[in-house]
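Comments concern the structure below.
The sequence lines fix the lettering, A, B, ..., with proteins before strands; numbering per chain opens at 1.
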Amino acid sequence: MANSRDQRCVEMAEKITARGVDYSQWYIDIVLNAKLADYSPVKGSMVIRPRGYAIWEKIRDEFDRRFKETGHENAYFPLLIPMSFLEKEAEHVEGFAPELAVVTHGGGEKLEEPYCIRPTSETIIWSMYRNWIQSWRDLPLLINQWANVVRWEKRTRLFLRTSEFLWQEGHTAHETEKEAREETMRMLEVYRDVVERHLAVPVVPGMKSESEKFAGAVETYSIEAMMQDKKALQAGTSHFLGQNFARAFDVQFQNRQGELEYVWATSWGVSTRLIGALIMTHSDDKGLILPPTLSPEDAVIIPIYRNDTKAAVTAYAEKLQAGLKAAGFKVVLDADDASSPGWKFAEWEMRGTPVRIEIGPRDMQSNQVVMVRRDTGEKLFVPVGEVPTRLKELQSLIQSSLFARAKAFRDENTVPITDLGGLIEFFGVETAGTSGAKGGFAEALWCGSAECEASLKEKTKATLRCLPLGRQEHVEGKCAICGAPARHLAIFARNY
RNA sequence: CGGGACGUAGCCUAGGGGCUAAGGCGUCUGCUUUGGGAGCAGAAGAUCGGAGGUUCAAAUCCUCUCGUCCCGACCA
């Protein structure tokens, strides 16, 4: 990375590679320079640094609140899972076996049965549900777990795909198929709402095709986001598991008619990958751009002074900071003497702080401050008494305009396409390093066959991202790939 | 796991068998500065990714290994 990057970085001061030069490198530069995460001594694993973790905490807290609102409780299950548990569900083990980390020794001795480190917790959770569920009165069982999981990925990328990551996994058990299906959709909607409202990332909710669904699920739903290079990123999934895990772990209950029946299940998850989505949706060549709801600080105050004005400006800035704190804002005062205002501007832009407040002698004289929006760079001259009100306004303005900008970008790059030639043309040829010149979301009719998916993937590297909800009725026409009668409207895209 | 590019101080690079491993950025100290990445002076910081080998002599050559990025394959 060092050398290729150096060639691209003409100016020494330039810490972040431009998106247009190398999108992948731009992303890495943002993560490292905004101090969100760092590479670790452990292959494929990263360290989430305090700033990255603070963002995760905000995301986590909002989801946690919403899960509890919808009746779920948190619990914690073991990290280590007996290998035999995975093997109980045939599709499940087949799907996860290649990426398992396995513990063979403990306490200096070889274990009788190896454990795997959880790649997901369906199996250990359902082994417990078996003991906890006897009657329809025990249902629904609505449990969520915040945890780390390990999947031995061949190729890792900061936040987007690491061997170990943090996530949340909901595991619910229900009396009826209908209830379980409702739960699946309820949580998908919670995901959509939080991701769009708080991350300001617009998403398309939809159903996965057979070849893309979760190993062990009957149906998988996801929310799909478009990054600035026009690739898709799966931002959350919700699975209807049918009775698959209940059968595998023999979890039966006595229903209202007194008959034994297998329990209906769902599972759903979002991970620290969302931070990757956040970065790639909003940020620019100056660095990170954070939506106000997720920024660790609401604003930064940068005092500008000479020696003779230092004391007065500092006092003015401190007073403003105290006032904002009293109004409920978290505002950082960057009083560091050693660096110049210009440095600080660039530094806080790199970190993604939504609003910068500049205070200099001229502002003091006219009893105002300069407020600068991170997302647009727009400068506003604001009377000092109005700062709390204006900050509040700016926050909601920035939040909504980030969402609007991302949505407009996605919509511009979402194109209906009717035939294979059109799809090939749309996805074009992906050139190394600068992917993103072509492509986007292609909306095309699809016959439902895995062969068509595979064939398109081979020709364009695009996969079926989802069958968008609410658009599957009245599908008429021909499959864009094979020409057979279409059964679905699908979104195809290259993805992360 | 295959192909490619790499690994020298916190970061970026120079040095490609020979004396004490060189420079820039950053860091630290002091002074001067401060409205878009400040200046001067001084200081600290490297067993050259690791192991083995060849050699009188290895950052440099050879073998192995670990790691990072890119492209594939793989990937709820």
Side-chain angles (χ1 to χ4, degrees), chain A residues 1-9 11-17 22-25 27-29 32-33 38-46 91-92 94-99 119-122 149 151-158 160-163 167 169 208 211-217 219-222 234 236-239 241 267-271 273 286-287 302-310 313-314 334-350 356 358-364 369-370 372 377 379 430-435 457-458 461 463 495-496:
Chain A
M1 120 182 142
N3 301 289
S4 55
R5 191 198 150 184
D6 184 62
Q7 288 159 14
R8 294 175 192 121
C9 280
E11 293 177 45
M12 290 294 284
E14 210 62 53
K15 288 189 174 174
I16 295 174
T17 307
D22 184 337
Y23 191 83
S24 293
Q25 190 61 50
Y27 174 76
I28 293 163
D29 287 347
L32 298 179
N33 284 305
D38 204 354
Y39 294 109
S40 80
V42 182
K43 183 180 169 66
S45 296
M46 67 174 184
E91 272 187 35
H92 193 65
E94 195 191 330
F96 282 104
E99 48 189 82
T120 178
S121 302
E122 273 79 3
V149 288
R151 298 179 186 182
W152 218 260
E153 301 287 355
K154 307 268 186 192
R155 190 174 166 194
T156 55
R157 312 190 72 186
L158 294 167
L160 299 176
R161 179 171 288 113
T162 46
S163 295
W167 79 342
E169 46 182 327
K208 287 291 189 183
S211 52
E212 297 276 340
K213 76 172 194 197
F214 176 71
E219 284 170 3
T220 288
Y221 295 84
S222 73
Q234 180 176 300
T237 49
S238 185
H239 314 291
L241 301 175
S267 70
W268 26 274
V270 294
S271 72
R273 178 184 243 202
K286 290 178 174 177
I302 298 182
I304 298 157
Y305 45 71
R306 299 172 175 282
N307 274 350
D308 56 336
T309 52
K310 179 175 174 180
V313 170
T314 303
D334 188 347
D336 178 14
D337 238 6
S339 41
S340 68
W343 175 276
K344 292 175 185 174
F345 295 166
E347 187 64 22
W348 288 96
E349 279 165 356
M350 195 153 65
R356 176 175 79 234
E358 303 174 10
I359 299 177
R362 296 207 294 268
D363 302 308
M364 267 183 72
V369 304
V370 181
V372 185
K379 288 195 175 188
E430 193 179 24
T431 43
T434 55
S435 55
K457 185 179 180 181
E458 198 217 327
K461 293 177 188 166
T463 54
N495 73 302
Y496 277 98

Margin query: What is the distance, to the nearest angstrom, from the NZ atom on A/Lys457 to the C1' atom on B/C75?
Written below: 8 Å
Next item on the list: Look at the side chain of A/Glu349 and the base of B/G37, then say whether one donor and one acceptor between them are separated by less than 3.5 Å.
Entry: no
Notebook entry, point to check: Nearest of B/A73, B/U34, B/G36 to any side-chain atom of A/Tyr305?
Noted result: B/U34
Next item on the list: Starting at atom CG of A/Asp38, determine the distance to atom C1' of B/C11, rounded to an integer number of angstrom.
Entry: 12 Å
Checklist line | For B/G72, the Watson-Crick or wobble counterpart (both distances under 3.5 Å) | finding: B/C1
Check: With a 4.0 Å cut-off on heavy atoms, is A/Lys208 in touch with a base, just the backbone sugar-phosphate, or nothing at all?
Finding: nothing
Next item on the list: Report the distance from atom CG of A/Asp337 to atom C1' of B/U32, rounded to the nearest whole Å.
Entry: 12 Å
Check: Taking a pair as Watson-Crick or G-U wobble with both distances under 3.5 Å, which nucleotide is matched to B/G42?
Finding: B/C28
Checklist line | Spacing between A/Ile16 atom CD1 and B/C12 atom P, to the nearest angstrom | finding: 15 Å
Checklist line | Any A/Lys461 side-chain N or O less than 4.0 Å from OP1/OP2 of B/G72 | finding: yes
Notebook entry, point to check: Between B/U33 atom C1' and A/Asn307 atom CG, what is the distance in whole Å?
Noted result: 7 Å
Item checked: Polar side-chain contact A/Arg306-B/G35 base: donor and acceptor under 3.5 Å -> no
Next item on the list: Take atom CD of A/Gln25 and atom P of B/C12, then tell me their distance rounded to the nearest Å.
Entry: 10 Å
Next item on the list: Assess A/Arg356 against A/Phe345: is NZ or CZ under 6.0 Å from the centre of the six-membered ring, and within 45 degrees of the ring's axis?
Entry: yes
Margin query: Can you see if the side chain of A/Ser340 gets near the phosphate of B/A38 - specifically, an N or O under 4.0 Å from OP1 or OP2?
Written below: yes
Next item on the list: Provide, to the nearest angstrom, the distance between the OH atom belonging to A/Tyr496 and the P atom belonging to B/C74.
Entry: 19 Å
Notebook entry, point to check: Is any side-chain N or O of A/Arg155 closer than 4.0 Å to OP1 or OP2 of B/C69?
Noted result: no
Next item on the list: Check the side chains of A/Ser267 and A/Glu122 for a donor-acceptor pair under 3.5 angstrom, ignoring hydrogens and angles.
Entry: yes
Next item on the list: Assign A/Gly44 to base, sugar-phosphate, or nothing according to its heavy-atom contacts below 4.0 angstrom with the strands shown.
Entry: sugar-phosphate
Next item on the list: Could you tell me the separation between the NZ atom of A/Lys379 and the P atom of B/G35, rounded to a whole number of Å?
Entry: 11 Å
